[in-house]
Amino acid sequence: MSALKQHYDVLIIGTGVAGLNTANHLDDDLDVLVISKDYAWECNTFYAQGGVAVAVDEDDIPSHIEDTLNAGAGLCDKEAVEILCHEGRDAIADFMRSGFEFDRDASGNLLYTKEAAHSRNRILHAGGDATGRYIHLHLMNQLKFPILYNTQVSDLLIEDGVCYGVRVFHHNEIFNIYAKHVVIASGGVGSLYEYHTNARTISADMQGICLSHGIALRDMEMMQFHPTVFVQSNAVRKQLLSESLRGEGAKVVDSKGKRFLFDYDARGELSPRNIVSQAIFDYQKRVDKKIFLDVSHFEDEFFMKRFPSIYFNMKGMGYNLPKDLIPISPAFHYAMGGIKCDLMGRVDGMACLYVVGESANTRVHGANRLASNSLLEGFVFSRRVAHDICEKRDDDKPAVLFDECEPSLIKRGDKELKNRLRNLMWDNVGIIREKENLEKARQSVEDMLELPTGKLLRLRLLSSREIIKSALKREKSLGAHYLIRRD
Ligand code: SIN
């Protein structure tokens, strides 16, 4: 990249759809730097399989809105959902005009698949189940601004309710980068949980930094667990088995072949994600530990073409699909909760700071995100953030300089504590929660916060504490927050 400057117009933290699409909608003559913690593709967008949910035509918009609100279990902001579904069509048309190709049938018609809790087929996909990878590559090819790779953001530069930039760790140095506007697009909290489907870079750092500055997070108890994940591997990111498999007929069965999901909800495999995850988790505890995804109704050739990533990844782990049954378990997948912002992505109570994508909380997903609405959220709200920044591009901002000191980011012993935290969160703050376990987890996190840990672990602990506190505050089950009492 060109020489690093000390001041930019815009800094964007994150290289998923939310960050890259923000960059791609900013005026060309702005000075913009995109910050990537690792390789640019180490983000959740890259690993997205199922697709992008979008209303098929104008007439489908009301029903996309209704499905999103229903899945969200009463916690959605209706205006946010209306924006998502109305502007979604234009955002996707815009992306396709830039040359992106979604999968089509032999006659050239767009192929729409179905996923759980959608009342009709409205999920676009690309490269079969490689939707995220294709989208990411296209966004990267369009990018007109430089990326600073291998860069850990360690703090936001904040004074009197204004954000002036970020402090970073890059090539063994700590230094500040200043900007008129900072956009957080760094994703959710996957690494807080033992089993998850997220990129390894997704570790709740920015959420923790916001908490350390008193910036509000909202709905942090709302953590989504994907029902069908192959977790029996040593990989940090577990293999997702896309919901579109169920949308196209895959069945969830126990070791005797029973389709037990109908005992929980009449919609069976196509019930909303929270219901399927909770049902599998409960059944595994009470009835049968061994649960499988049965994809054997697919023809061999069709399966390889429609789900090539799943086919090859599972082949590498010794499974011959579509014949073999795949052992599954739910795993952490997506944070509905996040940094509180308005519908232009402006962070609550903080000037010059934006948030977009999974790290944001506009309440567009409420208590449970409808399948494949997250890529759409990234496309839609990134355009709003870019628009707002361009409107304010000539606003004056005083120059304020900050020191460049930072406590140790990592200390000896952090790794063990990180693993302990992951177990703690999985066991006590997971799919099914109990008040006593949440209290126990809160105490353990408080104890860890007393230890002389590195700053990055501290940020994870702050985010975890916030999730637990929010879970304790919500005393009744709602959406992804499922609380049981043992009376
Ligand atoms: C999937 O392919 O099942 C994931 C889609 C999503 O997370 O919305």
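Ligands are counted one by one from 1 in listed order, and the atoms in each one are counted from 1 as well. Heavy-atom basis, side chains included; hydrogens, waters and symmetry copies ignored.
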Those atoms of ligand 1 less than 4.0 Å from some heavy atom in Gly50: 1 (C), 2 (O)
Atoms in ligand 1 with a heavy atom of Ser242 nearer than 4.0 Å: 1 (C), 2 (O), 3 (O)
Close approach, Ser244 and ligand 1, non-hydrogen under 4.0 angstrom: no
Close-contact set for ligand 1 against Ser372 heavy atoms, below 4.0 Å: 5 (C), 6 (C), 8 (O)
Heavy-atom gap Arg369 to ligand 1 smaller than 4.0 Å: yes
Salt-bridge contact Lys78-Glu82 (side-chain N to carboxylate O under 4.0 Å): yes
Flag for Thr68-Asn373: side-chain donor and acceptor within less than 3.5 Å: yes
Any N or O of His333 closer than 3.5 Å to N or O of ligand 1: yes
Distance-only N or O hit between ligand 1 and Gln49, under 3.5 Å: no
Side-chain donor-acceptor pairs of residues 315-324 under 3.5 Å, sequence neighbours excluded:
from   : atom 1 : to     : atom 2 : distance (Å)
Lys323 : NZ     : Asp300 : OD2    : 3.0
Asp324 : OD2    : Asn320 : N      : 2.7

Atoms in ligand 1 with a heavy atom of Ala371 nearer than 4.0 Å: 8 (O)
N/O separation below 3.5 Å, Leu370 to ligand 1: no
CZ (Phe262) with more than 12 external heavy atoms under 6.0 Å: yes
Which residues share a side chain to side chain contact (heavy atoms under 4.5 Å, CB included) with Arg346, sequence neighbours left out: Asp342, Met344, Tyr354, Asp388, Lys392
Arg237 charged N/C atom sitting above Tyr47 aromatic ring, 6.0 Å / 45°: yes
Residue, atom name and distance, where the atom is the protein heavy atom closest to atom 5 (C) of ligand 1: Arg273 NH2, 3.4 Å
Lys/Arg cation over aromatic Tyr334: Arg369, 6.0 Å, 45° cone: yes
Asn373-ligand 1 polar pair, N/O distance under 3.5 Å: no
Per atom 1 (C) of ligand 1, closest listed option by heavy atom (Glu243, Gln224, His125): Glu243
Salt-bridge contact Asp254-Lys290 (side-chain N to carboxylate O under 4.0 Å): no
